[in-house]
Amino acid sequence: DIKSIIWLSVSESAKIGGVQSKAVRRAIQYNLVKYKIIGNRYLIDLSSLVAYLHTNTKLKNKFNQFGLGQYVEEWK
């Protein structure tokens, strides 16, 4: 069980999620992911990103086809 938070940049989040950066920025804008600001950069919590990408079919499909989801058999 992972206890420590893994923080990702917007571009890292987009790559891992299989989505474009603007999708991640939109999630930040509407407070759909947990994030913090360091300097002038957003850092996104990996677990909240995965949860967000499972909120609708289109995002989930992109995540499973192009992102980290293609390497995971089943999410718990």
Side-chain angles (χ1 to χ4, degrees):
D1 196 26
I2 298 174
K3 298 291 183 205
S4 60
I5 296 175
I6 298 171
W7 296 101
L8 304 168
S9 70
V10 171
S11 60
E12 288 170 333
S13 297
K15 285 178 188 167
I16 283 177
V19 295
Q20 293 183 6
S21 293
K22 66 182 180 181
V24 176
R25 292 187 185 284
R26 196 175 307 114
I28 292 169
Q29 180 182 355
Y30 293 107
N31 281 321
L32 301 173
V33 292
K34 185 176 173 185
Y35 68 92
K36 64 182 178 180
I37 302 170
I38 302 292
N40 63 347
R41 299 198 177 270
Y42 287 99
L43 294 177
I44 296 98
D45 167 35
L46 174 60
S47 61
S48 73
L49 175 69
V50 171
Y52 164 67
L53 293 170
H54 279 83
T55 58
N56 85 37
T57 304
K58 187 175 179 181
L59 289 173
K60 189 174 181 178
N61 288 342
K62 286 186 176 190
F63 179 66
N64 288 329
Q65 190 171 2
F66 306 112
L68 188 64
Q70 66 186 310
Y71 306 109
V72 178
E73 281 188 34
E74 182 180 337
W75 292 95
K76 295 183 180 182

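Counting from 1, the numbers follow the sequence of the chain as shown. The structure displayed is predicted, hence computed values, not measured ones.
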If every non-hydrogen atom of [X] is compared with every non-hydrogen atom of [Y], which pair is closest and at what distance?
X	Y	answer
S11	S21	CA-OG, 4.3 Å
A14	Q20	CB-C, 3.8 Å
L59	T55	CD1-OG1, 4.3 Å
Q65	Q70	O-OE1, 3.6 Å

Roughly how far, to the nearest 0.5 Å, is the [atom2] atom of [Y] from the [atom1] atom of [X]?
X	Y	atom1	atom2	answer
E12	I6	CD	CD1	11.0 Å
L68	S13	CG	OG	11.5 Å
K62	T57	NZ	OG1	13.0 Å

Side chains of residues 24-51: which donor-acceptor partners sit under 3.5 Å, not counting sequence neighbours?
unit_1 : atom_1 : unit_2 : atom_2 : d
D45    : OD1    : S47    : N      : 3.4
D45    : OD1    : S47    : OG     : 3.3
D45    : OD2    : S47    : OG     : 2.9
D45    : OD2    : S48    : N      : 3.4
S48    : OG     : K34    : N      : 2.8
S48    : OG     : D45    : O      : 3.0

